[in-house]
Amino acid sequence: MLDPKLLRESPETVRAAIAKKHLEVDLAAVLALDTAWRAQLSEVEALRSKQRAANNEMAALKKGSPEFITKVAEMKAVSAEAKAKDEGLKVLEEKWHAAMLTLPNIPHATVPEGKTPEQNVVHASKGDVNAVSPHALPHWEIGGFANLFDFARGAKVTGAGFPFFIGDGAKLSRALLQFFLDEDVKAGYTEVSPPIFVNAASATATGQLPDKEGQMYETLDKLYAVPTAEVPLTNFYRDEILEEAALPVHRCAYTPCFRREAGSYGKDVRGLNRVHQFDKVELLKWVHPSASYDELEKLRADAERLLQKLELPYRVLLMCGGDLGFAQAKKYDLEVWAAGQQRWLEVSSCSNFEAFQARRAQIRFRSKETGKPELVHTLNGSGLAVPRVLAALLENNLQADGRVKIPAALVPYFGKEFLSFK
RNA sequence: GGAGGGGUGGCAGAGUGGUCGAAUGCGCGUGCUUGGAAAGCACGUAUAGCCGCAAGGCUAUCGGGGGUUCGAAUCCCCCCCCCUCCGCCA
């Protein structure tokens, strides 16, 4: 959520942000609601004040005395009025809050202008996309693929997009996870194993609710299967005030991630490109506002290092205003080259949310300077998503004999130098 | 899942309808005292919203929500969480 004060004091800043993100928001309507809400609030508070004063007077009076009875009659009317106005206030407040939630975060000055994904800026590129295997194939076309990644039986047992990982497929997936976690811990992130279901309050704090409930799987108990570890991880400190000395907090967590993503089809969803359940390690940072942009660069570098060690060609995109998410102030996407498909696959998205998420989740720290609580800045990024990295490895490292060469950094985790589809 | 007991400020813990944002103690901060410290003494010590240039004012918050009442930390209803015992279970 945006700072209401920013809206009041500098609506043009908000208007510019909406324009840069190429969103449609009726800002005038939000401002009108804000004014109306504040007016109603003053009225209700004035009545409350009256009730309070009367209450103190009546405490001193003798119960049942004529003065007391008169006062009760008088205050009955005030009470009724307060109740009525309070109901109106609640309605207004709900509308106001909903309207506030339609305002996007302000993009950072360094975010490039642009509307479509094509206008994202290639910030960096590592590795030679032409230097990979001449035998590259889309991973689902590799001979024996279905032996290790059984989509058909997954569909029978659960549904489309829930593959079984078998033998070397399961092992490579686990090796990647273990490798990611170890590297992230080395980079200073504390490993956390969070719950993989969250309640509605948590899903709301990170912005999945309301509006995006269709993206999550929901249980009978109104718990939501996490779409990313970001949700339970961010909510760890929800409604808390940290000591300034505790910042920054760096954490990483592996969870399976569940996404309904209804309506996707075509080559985007072939094979491992997009599935309903996948493994991912998420990196999360809670930092002092003055440090968040340095921390974003470090976060991106931490995610990049993983791809470098796996010897996978990749590029870093700096997202333009139009392709930046609603809640992000600045975002880099890491895309790995999948030589068989001849396309880039997104494997990490590193974002600075500034105080946008923290305000909604009420995560603060006590400023040493002022002694007052201030909102932290939150950042997160994948480090990394497993199936797409796995897909790129299969394609790029495919040998003439149909085996896949395992990168040196991963061999200790996988236990062999080659993966076999037999 | 069943039975019982709880949830009050940073912590402990009073408060069962009115002057209670809440006694008291601990902790913490400032000052006095002291050669210095401890003890002692004094004062202060939550969060948020709104109004205001400011000083400041007003309002809300006693697990959450709803209700009764002129008035609720206190009474009633629903929900959540914690503890003890029983059942079940990896």
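A note on names: the letters A, B, ... follow the listed sequences, proteins ahead of strands, and every chain is numbered from 1.
- Of the P atoms belonging to G18(B) and G44(B), the separation is 26 Å, rounded to the nearest Å.
- C62(B) sits 14 Å from C75(B) when the P atoms are compared, rounded to a whole Å.
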**Request:** Start with the C-alpha gap between E74(A) and K71(A), add the side-chain angles, then the distance that decides, and say whether salt bridge (charged side-chain N to carboxylate O under 4.0 Å, His left out) holds.
**Result:** CA-CA 5 Å; E74(A) 187 189 314; K71(A) 206 77 193 164; 3.6 Å; yes
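- With sequence neighbours excluded, the residues satisfying side-chain contact (heavy atoms from CB on, under 4.5 Å) with P104(A) are I18(A), K21(A), L23(A), F326(A).
- Comparing the P positions of G27(B) and G17(B) gives an interatomic distance of 34 Å, to the nearest angstrom.
- The ring-ring contact (aromatic ring centres under 6.0 Å, His included) pairs that include a residue from residues 1-23 of chain A number zero, where partners must be two or more places apart or lie in different chains.
- Comparing A60(A) and V44(A), the nucleotide of RNA chain B nearest to each residue sits closer to the 5' end for A60(A).
- The list of salt bridge (Lys or Arg N to Asp or Glu O under 4.0 Å) pairs with a residue in residues 141-153 of chain A, not counting sequence neighbours, reads D150(A)-R153(A).
- With sequence neighbours left out, the side-chain contact (heavy atoms from CB on, under 4.5 Å) criterion links P11(A) to L31(A).
- Rounded to whole Å, the separation between the P atoms of U68(B) and G15(B) comes to 29 Å.
- What separates CG of L92(A) from P of G49(B) is a distance of 19 Å, to the nearest Å.
- Checking E304(A) against Y314(A) by side-chain atom types alone, a donor-acceptor pair falls below 3.5 Å.
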Per-pair distances, 0.1 Å, donor-acceptor, side chain in residues 390-399 of chain A, under 3.5 Å, sequence neighbours excluded:
residue, atom, partner, partner atom, Å
E395(A), OE1, G340(A), N, 2.8
E395(A), OE1, Q341(A), N, 2.9
E395(A), OE2, H139(A), N, 2.9
E395(A), OE2, H139(A), ND1, 2.8
E395(A), OE2, Q341(A), NE2, 3.0
N396(A), OD1, A339(A), N, 2.8
N396(A), ND2, W337(A), O, 2.8
N397(A), ND2, K405(A), O, 2.9
Q399(A), NE2, N397(A), O, 2.8

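- The distance from atom CD of Q362(A) to atom P of U47(B) is 13 Å, rounded to the nearest whole Å.
- We find that NZ of K372(A) is positioned 7 Å from P of A48(B), with the value rounded to whole Å.
- Along RNA chain B, the nucleotide closest to P373(A) and the one closest to A59(A) are compared, and the more 5′ of them pairs with A59(A).
- For residues 84-110 of chain A, the pairs satisfying ring-ring contact (aromatic ring centres under 6.0 Å, His included) are W37(A)-W96(A), H108(A)-Y293(A), with sequence neighbours left out.
- For the pair R403(A) and F421(A), the cation-pi criterion (under 6.0 Å, within 45° of the ring axis) is not fulfilled.
- Here the separation of C53(B) from G35(B), taken at their C1' atoms, is 50 Å to the nearest Å.
- For the OP1/OP2 pair of G10(B) and a distance below 4.0 Å, the side-chain nitrogens and oxygens of R366(A) include no atom meeting the criterion.
- Nucleotides G5(B) and A22(B), compared at atom P, are 32 Å apart to the nearest Å.
- Side-chain contact annotation: T70(A) with E67(A), donor-acceptor N/O pair under 3.5 Å absent.
- At whole-Å resolution of the value, CD in E9(A) and P in C50(B) are 10 Å apart.
- Proximity of residues 232-242 of chain A to RNA chain B (heavy atom under 4.0 angstrom from any strand atom) is not detected for any residue.
- To the nearest whole angstrom, the two C1' atoms, one in A73(B) and one in U19(B), are 16 Å apart.
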**Prompt:** In the 5'-to-3' direction, what one-character label does each nucleotide of nucleotides 60-78 of chain B receive under the scheme B = base within less than 4.0 Å of a protein heavy atom, S = sugar-phosphate only, - = no such atom?
**Reply:** S-----S-S-BS-------
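- Between U61(B) and G71(B), the two P atoms lie 13 Å apart (nearest whole Å).
- Between the CG atom of L47(A) and the P atom of C51(B) there is a distance of 17 Å, given to the nearest Å.
- Looking at RNA chain B, the stems built from 3 or more consecutive Watson-Crick or G-U wobble pairs, each pair with its key distances under 3.5 Å, are B:1-7 with B:80-86, B:10-12 with B:24-26, B:27-32 with B:40-45, B:46-51 with B:56-61, B:63-67 with B:75-79.
- Here the C1' atom of nucleotide C20(B) and the CG atom of N56(A) are 10 Å apart, to the nearest Å.
- Legend: residues meeting side-chain contact (heavy atoms from CB on, under 4.5 Å) with K20(A), ordered by chain and number and at least two apart, are P107(A), V111(A), E113(A).
- Side chain to side chain, T255(A) and K280(A) fail the donor-acceptor criterion of an N or O pair below 3.5 Å.
- Among residue pairs with one or both ends in residues 39-61 of chain A, none qualify as ring-ring contact (aromatic ring centres under 6.0 Å, His included); sequence neighbours excluded.
- Between D86(A) atom CG and C50(B) atom C1' there is a gap of 14 Å when expressed in whole angstrom units.
- Atom pair H97(A):NE2 and C50(B):C1' shows a separation of 16 Å (rounding to whole Å applied).
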**Item:** CA sep, side-chain torsions, deciding dist, call: D302(A), Y189(A), side-chain hydrogen bond (donor to acceptor under 3.5 Å, both in side chains)
**Value:** CA-CA 10 Å; D302(A) 289 334; Y189(A) 299 83; 2.6 Å; yes
**Asked** Is there a side-chain hydrogen bond (donor to acceptor under 3.5 Å, both in side chains) between Y254(A) and E191(A) once you walk through the steps?
**Response** CA-CA 8 Å; Y254(A) 150 68; E191(A) 182 177 347; over 6 Å; no
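- Less than 4.0 Å separates RNA chain B from at least one heavy atom of each of the following residues of residues 35-43 of chain A: W37(A), R38(A), L41(A), S42(A).
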